[in-house]
Amino acid sequence: MRKPKDWGQPCPNPQCTHYRGMQQGNVSAIATYLPQSGKRRIFRCHTCETPFSETRDTLFVDLRTSEDKVMMALKMLLVRVDLAGISVVLGVTAETVLAWLRRAAYQAEAINQHLLRTLPVTQGQLDEMWNFIGRKQAQETDMAGESLPDSADGRQWVWGSFAPEFRLMITAIVGPRTLDTAKEVVAVTKARVAGIPAFFSDGFTCSLAALIAAFHVVTTFTRTGKRGRPRKPRCEPHPDLVYGQLVKQKQQGKLLTLSTRVVVGTERLTRLGLRLSTAGGERINLTLRQALAPLARKTSSFCKDRERLRQRVVFFQAFYNMASPHMSLQQPLAQPEQTRHRAIRPRWRQQTPAMAAGMTDHVWTFRELLTAKFEPLNSQSISG
């Protein structure tokens with residue numbers, strides 16, 4: 001007996017018993033139609049008899065522009081092309097491209113929420129990269145000269161946590177260089193990894209406080225019965241927490257000294273056999289600057305709004321993790337795959353950071369990145 005094909009489409013009817021369920025054999029393709037944006041399939045749920053389009057609840061729903069043009073515009077955003085250049089090449093307005101970017105960023109957030117969970121990470125590298133929106137110096141700043149959290153201009157830093165063993169971007173956040181943003185980065189990283197990895201960063205003083213706020217134990221003291229106030233509970237770093245810093249001293253842009261220090265967890269770091277390094281985080285910063293036009297140095301394509309910069313960074317994070325094979329992760333094939341017409345046989349199996357981390361089993365296509373659907377978190381596995 002032939003099994004029903006899995007189309008990767010959940011039933012959108014809230015009254016159905018298979019609502020938002022995946023791979024349950026209740027959905028089948030019944031027809032196709034041809035709108036202005038491209039050919040579409042019509043599906044039907046056999047449980048509730050509800051028909052629906054394949055683009056429902058995706059980036060392409062209710063768009064009159066062809067899918068190819070939308071995907072071309074989004075791809076150009078990832079290869080350092082500014083909005084003016086995209087408008088000239090594709091004949092669309094900058095506002096239209098930003099509307100597509102907003103939808104793509106929403107899709108990227110859904111991918112991160114559903115797939116970046118319980119990652120088997122042994123070390124995480126924390127780093128932040130300077131940038132600005134509107135102008136380099138905000139009209140209103142704090143005592144350190146940084147932009148206020150709700151400021152619409154001035155300095156904005158791209159924060160990230162990186163897993164070098166998988167070349168995986170765990171977190172990407174845009175915000176000022178403050179303790180609150182550092183706490184947010186560490187908190188998001190903690191929610192996405194399994195256990196407590198070793199953390200390495202530069203000499204930023206707020207990193208230690210942010211790590212202790214996320215990974216700590218509270219020591220309480222019993223009352224002694226003597227006169228006076230009892231001792232207050234004390235917050236201490238978790239016994240499994242490892243944190244090391246790579247401190248650089250520069251003068252006029254030139255590196256003078258480079259020193260390392262283990263702040264917390266020296267013994268556990270020795271047992272793990274890890275080398276204190278932030279090279280992976282620095283390299284991902286270069287990748288971001290080469291990929292996104294607003295992050296290029298000495299550019300006139302800077303973002304005028306913080307939300308636009310955040311959308312670009314989040315969208316690139318999902319693309320980098322899911323749909324961009326990394327050369328250092330490729331694996332040699334035992335037997336070269338057979339190809340037609342005597343073409344050159346591939347010798348390597350391409351891998352993305354998501355494949356190396358066990359989040360998925362294949363390289364995602366760009367359309368799959370924009371149209372992937374997921375079950376609710378309380379009923380979904382993380383096998384990808």
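Counting from 1, the numbers follow the sequence of the chain as shown.
- Clustering of Ile, Leu, Val, Met, Phe, Trp and Tyr by side-chain heavy atoms under 4.5 Å joins I30 with Y33, I42.
- Contact check for L179 versus K183: side-chain heavy atoms found under the 4.5 Å cut-off.
- Between H362 and W364, the ring-plane angle classifies as parallel under the 30° and 60° cut-offs.
- Sorted by first and then second residue, the pairs that involve residues 168-208 and meet ring pair (Phe, Tyr, Trp, His ring centres under 6.0 Å), not counting sequence neighbours, are W159-F204, F199-F215.
- The backbone N or O of T58 sits nowhere less than 3.5 Å from a side-chain atom of T55 that would complete a donor-acceptor pair.
- If you chain together ILVMFWY residues whose side-chain heavy atoms come under 4.5 Å of each other, M327 ends up in a group of its own.
- Scanning all heavy atoms of the two residues, the minimum distance from M71 to L370 falls at CG-CD1, 3.8 Å.
- One N or O on the side chain of R103 and one on the backbone of V61 form a donor-acceptor pair closer than 3.5 Å.
- Not one N or O on the side chain of E236 forms a donor-acceptor pair closer than 3.5 Å with the backbone of T219.
- A side-chain donor-acceptor contact under 3.5 Å links Q351 to the backbone of L329.
- Rounding to the nearest 0.5 Å places CD of Q251 at 9.5 Å from NZ of K254.
- By the criterion of side-chain heavy atoms lying less than 4.5 angstrom apart, applied directly or through intervening Ile, Leu, Val, Met, Phe, Trp or Tyr residues, F166 is grouped together with M359 in one hydrophobic cluster.
- Between the side chain of R289 and the backbone N or O of L295, at least one donor-acceptor pair lies under 3.5 Å.
- With respect to V81, the side chain to side chain contact (heavy atoms under 4.5 Å, CB included) criterion is satisfied by exactly one of L78, V79, L83: V79.
- Taking each heavy atom of Q317 and L116 in turn, the nearest pair found is NE2-CD1, 3.8 Å.
- Side-chain atoms of Y320 come within 3.5 Å of backbone atoms of R167 as a donor-acceptor pair (strictly under, hydrogens ignored).
- With S161 contributing its side chain and G124 its backbone, the two residues share no donor-acceptor pair below 3.5 Å.
- Hydrophobic clustering (side-chain heavy atoms under 4.5 Å, transitive across Ile, Leu, Val, Met, Phe, Trp, Tyr) keeps V185 apart from M169.
- Between E375 and G21, the closest heavy-atom pair is OE2-C, 3.7 Å.
- Side-chain N or O atoms of R192 include one that pairs as donor or acceptor with a backbone N or O of I170 at under 3.5 Å.
- The minimum heavy-atom distance between L211 and Y243, with the atom names listed, is CD1-CD1, 3.3 Å.
- Looking at E54, its side chain does come within 3.5 Å of a backbone N or O of R41 through a donor-acceptor pair.
- At distances below 3.5 Å, at least one donor-acceptor pair connects side-chain atoms of Q125 with backbone N or O atoms of G280.
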